[in-house]
Structure formats: structure tokens, C-alpha cells
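Side-chain atoms are counted along with the backbone in the values below, which use heavy atoms only and exclude waters and symmetry mates. So you know, we letter chains A, B, ... as the sequences are listed, proteins then strands, and number each from 1.
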Amino acid sequence: MAKDFPTRAENYAQWYNDLVIKANMAENSAVRGCMVIKPYGYAIWEKMQAALDKMFKDTGHENAYFPLFIPKSFFSKEASHVEGFAKECAVVTHYRLKNDPNGKGVIVDETAKLDEELIVRPTSETVIWDIYRTWIQSYRDLPLLINQWANVVRWEMRTRLFLRTTEFLWQEGHTAHATSQEAVAETEQMLNVYADFVENFMAVPVLKGIKSPNERFAGAVETYCIETIMQDGKALQAGTSHYLGQNFAKAFDVKFLSKENKLEYVWGTSWGVSTRLIGALIMAHSDDNGLVLPPKLAPTQVVIIPIWKTDEQLAAISVKVNEIKKNLQARGISVKYDDRDTYKPGWKFNEYEFKGVPIRLVIGPRDFENGTVEVSRRDTLEKATYQLQDIETKVEHLLQSIQDNLFQKALDYRESMTTKADSWEEFVDLLDNKGGFILAHWDGTPETEQEIKEKTKATIRCIPLDVKPEEGKCILSGKPSANRVVFARSY
RNA sequence: CGGGGUGUAGUACAGUUGGUAGUAUGCCUGGUUUGGGACCAGGAGGUCGUCGGUUCGAGUCCGGCCACCCCGACCA
């Protein structure tokens, strides 16, 4: 199954594509740009959902569900929002089909035209703020902290499995607050939740920052983001959190009476991460042998493979393994015991390595005699023989060690791929020959940012939250700059 | 929308000057195997993307259409 796919060095894009398909995570569907998420890929999404959902609830949010369809008129109420999304909206115009009178299948029934066309949501701000108007009257109704797990559709010109698909799954948080300060604090809190998740569960280090005006969410006052770096040196935006100010409150007339009995517009935020995270997870850690999954998100954390010659041997080994399995499960570790006799051990080793299972335990007749087990870790491909005694604790520690090692490796890589550029020549050279995050001075104007993008395809990924003041000159215009910003070519 | 490519068995591909379709892998059955992708034997599986044309005869030649993939343009 893992045979015949290119290495990262040979063809990174093809490596990624083949990995997704051959590891049974997803495949293309009949509709261009839409993917089928297969059980193994979906299991990772479920793990992500479970972790994030808990974090959202721990910070006081509740889940709800808003409709897929948005009346076209809602969409145009916030000017920059509609401008940002108009080019990629799917539109429902009719609600009925009929048999083709010429006998060629079915056709749209023109008599069933909708009075008002419906937009398939590319994001739900409009439909949600329209409802918030009716939910919010008083400061006592605030803050309103809602999240929804949903699918959205954005008609992208070019798609890639997980990274950019026409339809994708995500969560979108939408909150309303009595003050600007509170809304900003919420925006920052959720950015930190995302950073925490991506670093501690996905084992991918993030750079927290704010977007330049060009890259800002359509309708936001400020967009915060977490940026990650992939093994090919390209940046990938892993999540965004938006401070919406009163933009949507004004567009949808959402007001509340304050303690002082004054009628005021509420302050909003929205924030989201999507199935794109699965793409990031794959590209951050996987190698030329296949997937490498961090233990905290791996659908199966430990696979146990028996080796035997006789039925008696298998029976004896299975008794032992089932005991180990039970003890591991008692500690919350997901275990798969693969005692199929339809595949040979070697085949299974390759299979689970390709699928990125963090730890493999092998027990054969020799181990059974000696009270040992062979332990292999996916991240380093190292093998060792352990005594069976208290194997649960050893496995638990090893899982943590793999999780830590993956993060450290990714962090070291990011450090090595973060470079300062002080001249245009240096900047272009770094982009073409090294990639990664490039710290450079920018004069702060959208025109300069645009020109850099046109010349190099690099964009400002963010202005880091912890940016240090540093006098310098813009690498393009030479005008004065107060600090460096982060440039990269990105997904 | 531009540039490039591909449509033939579940999958990946081959198919010569036009003569009625093959290889690998996977699948099924039986047996031998099992500490890094096992072996032997037998077997099932294809309106060759689609529509039309040329021809005694088209996977192959000609034309139209469709779909998908890759690279761009586009993209919070």
C-alpha cells in the first residue's frame, strides 16, 4: 500500500496528495473540489473536535446550530463582508426538479423559482447576527457565547484535499459583548485556545499575530491569527479569531440597554478552525514512510501485533495481549490488537507505519518465553525490547515522549526556517532558496504590501503579537519602519 | 479562465502498420507459510469516458462533447 509514492524532496505536492489518498484519509468526489472524508481521516477530525469542544465549553461557550441557507439580502448588509465573499458563493435559485419532457433525466422546474435567492453559507455571521438582534435586549443578555460545528461552502477556483476544498467542516464561534474591551479579550482568549490546541495536541508550534489590513477578515476590525510552517517551507494559517467591533451589530441593528439605561450597539467576535488543520497535521510531521501522527490525535495510539506458528502459541499470546490491552485502555489509551492471520507481520508493520500509529508492540514466541515485548516508535522508527512488567506505564511515558519529540522537532525546524532579511535582494533570495518565515521591515502601507505580493508571491502572514520595536527601513520602499513583520509564501 | 496532462479490470498502467484486449497489484478458492510488505496452484473481474464519422473491421484514425488531475490566475 505504501509502495510507489514520491518522497518529499522529489515532489512535495504529490507526496502530500498520495499520502492523503493512500493512507485512506480522504478522496475526491464526483463534485469538483469536494472531498469524501474517509473513516481514518474523520477519526482524526473527531479527536480534534472533542478536544476543541471541551476547550470551548471550559471557556463558557455553548453549541448551537444555524441554517445552511442565508437569504441573499442578509448578505449585503455589511458592505466589506459581501465584497469579501461574493466571488465564491454558491446560490440556490430553485426548489424543484421535473422530468425532462424530452426524456433525458430531470431538469430544473422554472416555475419553482425562489422569490429570494439563498446563499449557501460561506460563513454564518449574517444569519447569526440577524438572530442575535432578537436574543439581545439588555446587558444582562451579555456576553452571548455561541459556537457551532458546521459545513460551509466557498467556491474556490483551485482546491487541495483538506487544505482548501469547496465544502469543508469547521467550527465558528460568534460572540456578543457589552464592551469593546471585553470583545477584544474574547478574541485574544480564543486565539490562545487555538494556539494551545495546535501546539499541545497537534504538536505544531504557532506564531501568534494580527493580520495586515489586506489580509483581514471581511467585516472585521482586527483579525488575529496563528501561523504555522510546513516542511516545504510554506506557511499555513491554522486559525483566525476576529474582533468585529460593532460592524455586524450596526449592520443587523443589534442593540442593548446598558446598566446606565443607554441604548448601545453590542461588540462582536468570531473565530474558526477547519478540517484544514488535518492538512497541517499531515504536512508538519509526516515523512517518506507515510503518516506520522501525534499521540494525542492518533485514532489508534498503540497497535499490538502477535507473531506465532501454532494455534496454541497464538492462543497463549492473545491471553497476554488482551490483558495488556485492557490495562492500556484503562489508562485511556486507544489500542488495536491485530491478530488477523490473513496478513503477515511484515505487512502489518508497514501498514501501521504508513498510517502513522505512534507505537507498535510486537509479541512473538520468544517474547512470550522471556516476558518481554518489542516496542517501536513511529516518530524515530526506533525499536527496543522491554520487560512486560508495568508495560502500561512505559507505554504511557513513551506516548508523551513522542508527543514532546514531535513538537520539539517542529519547533527546531521553525527556528531554522525563520530568517531576517534586511535588503530586497536578501529577501528575494531567501524566498526562492530557503522559504520559511522571513522577518523584514515594511512601511505599513497596503500599496507596498500589494507590490511585494505581486513581485514575489509572498504575503505578510502576520505582525507578531510579541513584536519588538526596531527602527528600520522597508525592504521595498526604503521608508522608515518601526518593527519587522513576518513574510512567507503560503498555502 | 489560461497552460499542460489523463480517461482501458477495484487500483496503477501497457496495448505495435487498424484484425475483436493484456501486465502488475488487489480480490475469491485450496494448500504450504508467519520475528520487516510470503509462496504455489486454480479462478472471478473490462459496453476501452461519451456521441458521431471513416472502414469489411476502431482501444487504435478523424471530429464534437464530457469528466478528472497538475501548474497558474483567485482566495479570510
Side-chain angles (χ1 to χ4, degrees), chain A residues 1-6 11-14 16-18 21-22 24 27-35 80-89 104 122-123 125 152 154-161 163-166 168 170 172 210-220 222-225 227 236-242 244 270-274 276 289-290 305-311 313-314 317 338-354 360-370 372-374 376 381 383 385 453-454 457 459 461-462 490-491:
Chain A
M1 142 159 306
K3 281 177 286 190
D4 302 327
F5 82 110
N11 187 340
Y12 193 84
Q14 190 71 41
Y16 172 80
N17 238 336
D18 285 5
I21 289 167
K22 290 180 176 164
N24 267 326
E27 63 186 55
N28 286 306
S29 74
V31 179
R32 192 194 71 89
C34 292
M35 67 174 169
S80 58
H81 189 66
V82 66
E83 193 187 336
F85 284 106
K87 294 186 294 288
E88 50 192 53
C89 285
K104 291 181 179 172
T123 180
E125 274 77 4
V152 288
R154 296 179 190 179
W155 216 263
E156 303 286 355
M157 288 185 175
R158 183 141 172 257
T159 59
R160 298 193 63 187
L161 292 168
L163 298 174
R164 174 171 288 109
T165 48
T166 300
F168 56 92
W170 77 344
E172 45 182 326
I210 58 169
K211 286 292 186 189
S212 65
N214 274 1
E215 300 279 324
R216 195 178 283 153
F217 174 73
E222 197 79 89
T223 287
Y224 294 66
C225 62
E227 293 287 326
L236 186 141
Q237 175 180 298
T240 49
S241 183
H242 314 289
L244 303 175
S270 66
W271 27 275
V273 295
S274 71
R276 168 181 251 205
N289 297 309
I305 297 171
I307 293 169
W308 75 95
K309 283 193 165 62
T310 66
D311 289 348
Q313 281 176 336
L314 177 61
I317 288 169
D338 188 349
D339 62 349
R340 289 178 295 177
D341 65 354
T342 46
Y343 294 95
K344 292 189 57 165
W347 188 93
K348 294 177 188 173
F349 295 171
N350 284 287
E351 170 75 4
Y352 293 110
E353 257 167 35
F354 191 69
R360 176 181 75 231
L361 303 182
V362 176
I363 299 189
R366 282 207 304 273
D367 296 300
F368 189 77
E369 291 301 317
N370 302 334
T372 58
V373 59
E374 184 189 81
S376 309
L381 297 172
K383 280 197 271 197
T385 299
K453 184 177 175 181
E454 281 162 15
K457 290 177 191 156
T459 50
R461 298 321 301 155
C462 71
S490 72
Y491 279 98

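Note: CG (Asn24(A)) to P (rU11(B)) measures 14 Å, nearest angstrom. For the pair Glu27(A) CD and rA12(B) P, the interatomic distance rounds to 11 Å; values are reported in whole Å. In this entry the distance linking CD of Glu454(A) with P of rA73(B) reads 11 Å, nearest Å. In this structure, the CD atom of Glu156(A) is 16 Å from the C1' atom of rC1(B), given to the nearest Å. Remark: P of rC70(B) and CG of Leu163(A) are 11 Å apart, rounded to the nearest angstrom. Straight-line distance from the NZ atom of Lys453(A) to the P atom of rC74(B): 7 Å, rounded to whole Å. Across the protein-nucleic acid pair, Leu161(A) atom CG and rC68(B) atom P stand 14 Å apart, rounded to whole Å. Remark: P of rC75(B) and CZ of Arg160(A) are 18 Å apart, rounded to the nearest angstrom.
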Canonical and wobble pairing (Watson-Crick, G-U, under 3.5 Å) of RNA chain B, dot-bracket with |: (((((((..((((.....[..)))).((((((.....)))))).....(((((..]....))))))))))))....

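Using a 4.0 Å cut-off, some side-chain N or O of Asn17(A) falls inside it from OP1 or OP2 of rC70(B).
By the side-chain hydrogen bond (donor to acceptor under 3.5 Å, both in side chains) test, Glu454(A) is found to be paired with Gln450(A), residues two or more places apart in sequence or in another chain being considered. For the side-chain hydrogen bond (donor to acceptor under 3.5 Å, both in side chains) test, no residue two or more places apart in sequence or in another chain qualifies with Tyr12(A). Annotation: side-chain contact (heavy atoms from CB on, under 4.5 Å) contacts of Ser274(A) (sequence neighbours excluded): Phe168(A), Trp170(A), Arg276(A). Partners of Glu374(A) according to the side-chain hydrogen bond (donor to acceptor under 3.5 Å, both in side chains) rule, which considers only residues two or more places apart in sequence or in another chain, do not exist here.
If you take atom P in rC28(B) and the same atom in rG64(B), they sit 45 Å apart, rounded to whole Å. Going from the P atom of rA44(B) to that of rG2(B) covers 48 Å, rounded to whole Å. Using P as the reference atom, rG7(B) and rU34(B) are 42 Å apart when rounded to the nearest Å. Comparing the C1' positions of rC13(B) and rA73(B) gives a spacing of 33 Å, expressed to the nearest Å. Only the P atoms considered, rG59(B) is 13 Å distant from rC51(B), to the nearest whole Å. For the C1' atom pair drawn from rG3(B) and rG18(B), the interatomic distance equals 33 Å after rounding to whole Å.
Closest heavy-atom contact between Thr166(A) and Thr159(A): OG1-CG2, 3.7 Å.
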Stepwise salt bridge (charged side-chain N to carboxylate O under 4.0 Å, His left out) test for Lys211(A) and Glu222(A): CA-CA 7 Å; Lys211(A) 286 292 186 189; Glu222(A) 197 79 89; over 6 Å; no

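Residue-level contact check: Arg360(A) touches the bases, meaning some heavy atom is under 4.0 Å from a base atom. Within 4.0 Å (heavy atoms only), Arg164(A) reaches at least one base atom of the nucleic acid.
Map Arg32(A) and Lys383(A) each onto its nearest nucleotide of RNA chain B; the residue landing nearer the 5' end is Lys383(A). Looking at which nucleotide of RNA chain B each of Lys211(A) and Gln14(A) is closest to, the 5′-most match is held by Gln14(A).
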Under 3.5 Å between N/O atoms: give me all the protein pairs with nucleotides 30-35 of chain B, atom names plus distance.
from: rU34(B); atom 1: O2'; to: Trp308(A); atom 2: O; distance (Å): 3.4
from: rG35(B); atom 1: OP1; to: Lys344(A); atom 2: NZ; distance (Å): 3.4
from: rG35(B); atom 1: O6; to: Gly364(A); atom 2: O; distance (Å): 3.3
from: rG35(B); atom 1: O6; to: Pro365(A); atom 2: N; distance (Å): 3.1
from: rG35(B); atom 1: O6; to: Arg366(A); atom 2: N; distance (Å): 2.5
from: rG35(B); atom 1: O6; to: Asp367(A); atom 2: N; distance (Å): 3.2
from: rG35(B); atom 1: N1; to: Asp367(A); atom 2: OD2; distance (Å): 2.4
from: rG35(B); atom 1: N2; to: Asp367(A); atom 2: OD2; distance (Å): 2.9

